[in-house]
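Worth knowing before you read on, the calculation uses all heavy atoms, side chains too, and leaves out hydrogens, waters and symmetry mates. Note that the structure is predicted; figures quoted are calculated from it, not measured. Residue numbers begin at 1 in each chain, while the letters A, B, ... track the order of the sequences.
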Amino acid sequence: MSDDLEQYSFDFHHESAQIVRGEADDELKVKIGDFAGPLDLLLFLIRQEKANIFDIPIARITEKYLEYIRLMKQLDIAVAADFLVMASTLIEIKSKMLLPPDPHSGDDEGIEDPRQELVDRLLEYEKFKTAAGMLYERSTVAQATFTRGQIESDQNNAEINATVFDIFSVFQKIVARHVEEIKMEIHREEISLTDMLRTLKRRILEHGELSLLTFFEEMHTRRELVTAFIAVLEIVRTESVKLLQNETFGDIVLKKSEPPAVAGG
Amino acid sequence: MEAAEVKRSRSIAELVALVEALIFVADEPITTKLLAEVLDEEREAIAAAVEELASEYEFRRSGLQIREIAGGWQIATRTELHEDVRRFLKTRPSAKLSLASLETLAVIAYKQPVTVPEILEIRGVQSASAIKTLLDRRLIVAKGRKETVGRPMQYGTSKEFLVHFGLKDLSELPSIEDFEDLVQ
Amino acid sequence: MEAAEVKRSRSIAELVALVEALIFVADEPITTKLLAEVLDEEREAIAAAVEELASEYEFRRSGLQIREIAGGWQIATRTELHEDVRRFLKTRPSAKLSLASLETLAVIAYKQPVTVPEILEIRGVQSASAIKTLLDRRLIVAKGRKETVGRPMQYGTSKEFLVHFGLKDLSELPSIEDFEDLVQ
C-alpha cells in the first residue's frame, strides 16, 4: 500500500513534486508537477526506477519521461520548453544507442557513450541541488534568531541602501509612470493662461508670498507647468511682484514688492 | 493537552532570558502586562524577572540598560556613553539615499548628460533638492551647458558613482534587455 | 606608547561596554574595523573586547547572543527562544524560497560571478523568474558584465545573502565538491 505512494526524494521542499499511482489503474497521476527542471525530473525517474546513474537504461527512462510530459499536458500543466528540449535530447541519445557502433570512428579511447554528456550534466546538477538543500537548512536555522526592534536613532536613517538593481528598477518605474501621465494628459482639460494668472495672483495675495516650488508642484501636466511658468514671468513683468532666491538650488519665492521697490518696466 | 500541561514551567533564569529577548525585539517599550500575557505568567513573576534583568545589566556594567519608559520596558545605551554613541551615529557610512534622490540618480544615470528641466520632464516632480544631495555626495557632476535656450547645466554620473555601485564603466549599468525575461 | 597617551585610556570593562553599545545601536552588522576607527582603538583591542562580551553573554545565559555575521558583529536573540519570540512578534518565518529559487541561488553562490546562460547550462531550465525573485529579495546583486558575446550581466550574492543564511562570509559555505560524495 505504501509502495503505491512514492514520495519525491527532495524532502526539504514542502510542496515537493509527487507522483502517485492511481488506485484502479497503474497510470501515473501527477499530484503536483513541481519539478525544478528537466534534470530534476530525470534524477527522480532514475531513482524511481532504481537505475544506476552511470548506466542509465535510456529507453526505459525516456519512456517514463515522455509519459510524465504527456500527463502534465493532460492536466493542463504548462510544460516549459526546457522539458521538451530534454525530451528530444533523450530521444536522440536513445536512437544513437540503437545504431551499431561505427567501426571507422573507433580510436584508442574507444567510442564515446552517447549518454556521457547527460550523465555529466546530471552529476553536476545534483551537486547544486544538494547545495540548495544545505542553503534551505541554513536559512531555517538563521531565521530562528531575531535582531532588535526599532530604536530612536534608526528613524534618522530611514533611507534606501541602493544597489545597481535599484537604480535600474526605479528608472523603469519612472518611465512607466511617465507614460501613464502622458496618457492622462491627453484626457485632461487644459487651463488657460488667464485662469492661471488669476489663480497665481490670488495665491500671492493670500500670504504676501508664494513658494514657486509649491506652486509648480501643484501642476499635474507638463502643459500646465509651462502655463504656470509663463504666468509667473507675466506677473513679475506686469505686477509688483519680486522673485527671490537665496541659494543656488534653494527654492524661489514670489513676493509682493513694497511700493518703493517697484521697478519701472 | 490541557492548558496547565502545555505551559512549561520555566526556571527563573529562563524567564529572565525570555523577558530580555522580548524587550530586545519589541519596537516599542513593552509593558509588564503584555509580557505576562505573551509568556502566560503572573505579572509578579514578570516584574521580578525584569528587576533581576535590570540589576544584572547594572551589576556587570553593561553598555546597555533596561529602563522604564512610557509605562514599558526598553533596552537602551547607558547614558554615560552617549557621547561616543552619538559620534558613531553621525559618522556611520551613509551608503543610503532617499527615494527622491535615488529616482533622480536613476534618471541621470540612464539619460546623461541631462538637464534639470529634462529630469523634471521625466520624473514629473521637481528634483532640485535631490540634485543638491547627489552633488554633495559627489555621485553626480556638472557636465557643461546644453546649447539650447537658457543654456541649462547638464549633469552626469561621477567616478564615485561607479565605485559606489561597483561598476567598471557605464556600459555595466543594467539595460532593459538584461531584464526582458525577468520582468514578464 | 605615545599614542596611548594621546588617546583617552579606557579600561577593558569600559571598552567592552562601549563596544556593546555600538553593536546595539548599529542598524546592521558592524565590523571590527569600523569599531576600531570610531573608538580610536587597535583592532586587536576591539577583537578582544568583542570576544569578552560574547563570552559574557554566553556565561550569564542571556536571552541574547553576540554573533558574527556578514563580516560584522550583531546582537540577536538566542535560537532556542525562537518560538516565544515569534509568537510575540506574530511573525511567521519569511516566505520560503521555492525550489527553483534555492537552486538558482546555489548556482550563483558557488559560481559567482555567473551569467544567466551559465545558470541555464547547469540547471537545464530557464531561471528568469527565480533571478527576479532573488533580486527583489536582495539576495543577489548585479556584478558587472562578462566580456563575451552579448556582454551578459553577471550575478553574485549580496550581504543580505550572508545575513539570510547566517554566514560570516562566503568561505563559510561548504565546498561544492563536498556535495559530490553524496551523489551515488
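With a threshold of 4.5 angstrom between heavy atoms, C:Ala76 approaches chain B through N, CA, C or O but not through any side-chain atom. At a 4.5 Å heavy-atom cutoff, B:Leu167 makes no contact with chain C through either its backbone or its side chain. Only the side chain of C:Phe24 comes within less than 4.5 Å of a heavy atom in chain B; its backbone stays farther off. With a threshold of 4.5 angstrom between heavy atoms, B:Ala26 approaches chain C through its backbone and through its side chain. With a threshold of 4.5 angstrom between heavy atoms, B:Ile75 approaches chain C through its backbone and through its side chain. Only the side chain of C:Glu56 comes within contact range of chain B, with heavy atoms under 4.5 Å apart. For a residue to count as touching a neighbouring chain, one of its non-hydrogen atoms must lie under 4.5 Å from one of that chain's; by this rule C:Gln65 does not touch chain B.
Applying the 6.0 Å contact sphere to CD of B:Glu58 captures no more than 12 heavy atoms from other residues, nucleotides or ligands. Within a 6.0 Å radius of NZ in B:Lys143, other residues, nucleotides and ligands contribute more than 12 heavy atoms. By the 6.0 Å contact criterion, CD on C:Glu51 is open, its count of non-hydrogen atoms from other residues, nucleotides or ligands being 12 or less. The 12-atom threshold is exceeded at CD of B:Glu68, counting heavy atoms of other residues, nucleotides or ligands nearer than 6.0 Å. Residue-environment remark: CG (B:Leu170) exceeds the threshold of 12 foreign heavy atoms within 6.0 Å. In the displayed structure, C:Glu37 atom CD is contacted under 6.0 Å by more than 12 heavy atoms of other residues, nucleotides or ligands.
B:Ala21 and C:Leu64 get closest at one heavy-atom pair: CA-CD2, 4.0 Å. The minimum heavy-atom distance linking C:Arg151 with B:Ser171 is given by the pair NH1-OG, 3.0 Å.
Distance CG/B:Asp27 to CG/C:Leu89: 8.0 Å, rounded to 0.5 Å. Expressed to the nearest 0.5 Å, how far CZ of B:Arg87 lies from CG of C:Leu39 amounts to 7.0 Å.
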Handout entry: Pair C:Phe88-B:Ile30, side chain to side chain contact (heavy atoms under 4.5 Å, CB included): steps then yes or no
Key = CA-CA 11 Å; C:Phe88 166 65; B:Ile30 178 171; 3.5 Å; yes

Practice task
Take B:Arg10 and C:Asp84 through the salt bridge (charged side-chain N to carboxylate O under 4.0 Å, His left out) test and state the conclusion after the steps.
Solution key: CA-CA 12 Å; B:Arg10 303 181 177 103; C:Asp84 287 300; 3.5 Å; yes

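By the 6.0 Å and 45° rule, C:Arg60 does not stack over the aromatic ring of B:Phe59.
Ion pairing between B:Glu20 and C:Arg78 fails under the 4.0 Å rule for side-chain N and carboxylate O. Ion pair C:Arg145/B:Asp169 not flagged as a salt bridge, since none of the NZ, NE, NH1 or NH2 atoms sits closer than 4.0 Å to an Asp/Glu carboxylate oxygen.
Using a distance-only test at 3.5 Å, with no hydrogens or angles considered, no donor-acceptor pair links the side chain of C:Arg61 to the main chain of B:Ala17.
Test B:Val25, B:Leu22, B:Leu18 against C:Leu81 for side chain to side chain contact (heavy atoms under 4.5 Å, CB included) and you get one pass: B:Leu18.
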